[in-house]
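Shown next, in structure tokens, is the structure this report addresses.
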Amino acid sequence: MNLSTLESSAVPRTSPGRVGIWLFLASEIMFFMGLLGSYVLFRAADPHLFATQSAIMNKWAGGINTLVLLTSSFFIAMAVGAAAEKKRRKMVAALALAALLAVGFLGIKAWEYRDKLTHYTLVARNPDGHIFVYDGHVHWLDDKAEITGFAAPMPPDQSWDIHLVTPAEVQASGDGTEKTFTLPANAILEQINDGPWKNMFFACYFTLTMVHAVHLIGGIIAALALLILATRGKIKPAAMEYVGIYWHFVDVIWLFLFLLLYLT
């Protein structure tokens with residue numbers, strides 16, 4: 001048996017790039033398993049807190065974002081196929097649409113962050129001396145706050161913790177009507193918005209979604225780099241395949257986040 005016969009009968013070698021992307025994803029899987037595992041442990045330690053706070057999440061925004069990201073995966077898969085077939089125009093169009101949808105995902109997520117950071121729970125003393133809890137979106141003025149939402153008297157034992165109380169509790173304990181209240185700054189005794197400092201649920205929410213957003217931004221940068229190369233006539237099928245694998249991984253991670261943060 002000559003050398004050429006031996007070479008032809010040898011097992012095909014896996015490209016170093018393909019090995020590299022799977023090794024990289026293996027490390028990413030372990031990284032996210034640590035984050036998601038921590039979330040599950042925190043939730044198991046205080047299931048009531050996580051259930052009540054998850055219930056107030058904007059499920060429409062999360063659902064639309066899920067649809068947007070899954071659609072971007074479809075176009076990434078299309079780009080991978082177009083690159084393999086050397087169809088430059090199809091690849092460019094698919095990559096551009098995928099990147100545009102990913103940017104749209106980040107835009108919706110930014111809107112969600114803004115919605116959370118402008119939503120406050122306030123404790124204020126009325127002119128008659130009674131203490132009320134207010135929950136809603138706040139517009140801050142120089143020496144007062146305008147809050148659109150619900151108000152309810154603080155229980156006599158002052159058992160409501162602004163880190164834990166939900167809009168539904170305030171609505172149910174008040175008159176149930178959404179109004180706009182104007183509160184002097186010096187009447188506000190406590191205040192907190194729905195940022196990562198409010199409670200453990202929101203700390204987990206912002207950490208997990210921000211880490212995911214950073215990974216998505218990395219995918220967008222890689223997709224735009226291949227897009228620029230393709231517009232210059234340089235098609236990189238192997239690189240496109242690696243970006244596609246990474247993109248689908250980021251999408252799968254979001255599906256877990258959507259299930260854990262919005263639906264359970």
Side-chain angles (χ1 to χ4, degrees), residues 24-25 27-76 98-121 135-138 162-164 166-168 192-224 243 245-264:
F24 170 70
L25 288 186
S27 68
E28 288 291 284
I29 289 171
M30 290 187 287
F31 171 71
F32 276 102
M33 282 182 64
L35 290 177
L36 295 175
S38 298
Y39 175 86
V40 170
L41 290 176
F42 286 132
R43 187 175 188 117
D46 196 346
H48 177 72
L49 167 67
F50 278 73
T52 55
Q53 300 301 316
S54 176
I56 67 176
M57 296 296 292
N58 190 325
K59 294 174 176 55
W60 279 104
I64 291 172
N65 249 357
T66 301
L67 181 62
V68 167
L69 208 54
L70 290 177
T71 305
S72 76
S73 267
F74 168 78
F75 285 114
I76 281 291
L100 184 62
L101 286 168
V103 171
F105 174 96
L106 294 175
I108 294 173
K109 182 53 62 181
W111 176 85
E112 277 193 88
Y113 286 162
R114 182 181 180 277
D115 184 67
K116 292 286 179 288
L117 296 175
T118 57
H119 188 278
Y120 277 75
T121 302
D135 192 282
H137 287 87
V138 171
I162 63 172
H163 294 84
L164 306 177
T166 64
I192 194 167
N193 62 9
D194 289 351
W197 37 78
K198 183 170 186 179
N199 54 49
M200 186 57 71
F201 173 82
F202 281 107
C204 291
Y205 166 78
F206 278 94
T207 299
L208 290 170
T209 55
M210 284 183 175
V211 169
H212 175 266
V214 169
H215 281 74
L216 183 57
I217 290 170
I220 294 172
I221 293 172
L224 290 178
V243 171
I245 293 171
Y246 173 81
W247 198 282
H248 296 320
F249 166 77
V250 173
D251 284 6
V252 169
I253 292 298
W254 172 254
L255 291 178
F256 281 102
L257 296 183
F258 179 58
L259 174 64
L260 291 172
L261 296 172
Y262 291 81
L263 302 181
T264 59

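Because the structure is a prediction, the values reported are computed rather than measured.
Between the Asn199 side chain and the His163 main chain, a donor and an acceptor come within less than 3.5 Å of each other. In this structure, the side chain of Ser54 does not engage the main chain of Ala51 through any donor-acceptor pair within 3.5 Å. No donor-acceptor distance shorter than 3.5 angstrom exists from the side chain of Gln53 to the backbone of Thr166, with no hydrogens or angles considered. In this structure a side-chain-to-backbone donor-acceptor pair under 3.5 Å is missing from Thr118 to His137.
In this structure, Leu117 CG and Glu112 CD are separated by 11.5 Å, a value rounded to the nearest 0.5 Å. Leu261 CG to Phe202 CZ: the interatomic distance, rounded to the nearest 0.5 Å, is 10.5 Å. Taking CH2 of Trp111 as the reference point, atom NZ of Lys116 lies at 7.5 Å (rounded to 0.5 Å). The OG1 atom of Thr52 sits 8.0 Å away from atom CG of Asp46, with the distance rounded to the nearest 0.5 Å. The CG atom of Leu69 sits 9.0 Å away from atom CG of Leu106, with the distance rounded to the nearest 0.5 Å. Taking CG of Leu208 as the start and CH2 of Trp254 as the end, the distance is 10.0 Å to the nearest 0.5 Å.
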Full working for side-chain contact (heavy atoms from CB on, under 4.5 Å) between Ile56 and Phe201: CA-CA 11 Å; Ile56 67 176; Phe201 173 82; over 6 Å; no
Using the rule given for side-chain contact (heavy atoms from CB on, under 4.5 Å), can you reason through Met200 versus Leu49, listing the C-alpha separation, both sets of side-chain angles and the distance that settles it, and then say yes or no? CA-CA 8 Å; Met200 186 57 71; Leu49 167 67; 4.3 Å; yes
Given side-chain contact (heavy atoms from CB on, under 4.5 Å), test Lys198 with Thr121 step by step and report yes or no. CA-CA 10 Å; Lys198 183 170 186 179; Thr121 302; 3.4 Å; yes
Begin with the C-alpha distance, continue with both residues' side-chain angles, and end with the deciding distance and a verdict on side-chain contact (heavy atoms from CB on, under 4.5 Å) for Phe258 and Thr209. CA-CA 10 Å; Phe258 179 58; Thr209 55; over 6 Å; no
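Within a 6.0 Å radius of CZ in Phe24, other residues, nucleotides and ligands contribute more than 12 heavy atoms.
Of all heavy-atom pairs between Asn58 and Tyr262, the closest is O-CE2, 3.4 Å. Taking both residues in full, the closest heavy atoms of Ala61 and Ile108 are given as O-CG2, 4.1 Å, listed atom of the first, atom of the second, then distance. When all heavy atoms of Pro167 and Asp135 are compared, the closest pair comes out as CG-OD1, 3.2 Å. Trp247 approaches Ser72 most closely through the heavy-atom pair NE1-OG, 3.0 Å.
Thr207 and Tyr39 are not linked by any side-chain donor-acceptor pair at a separation below 3.5 angstrom, with hydrogens and angles left out of the test.
Taking the six-membered ring for Trp and the full ring otherwise, Phe105 and His212 have centroids separated by under 6.0 Å. Phe206 has its ring centre less than 6.0 Å from the ring centre of Tyr113.
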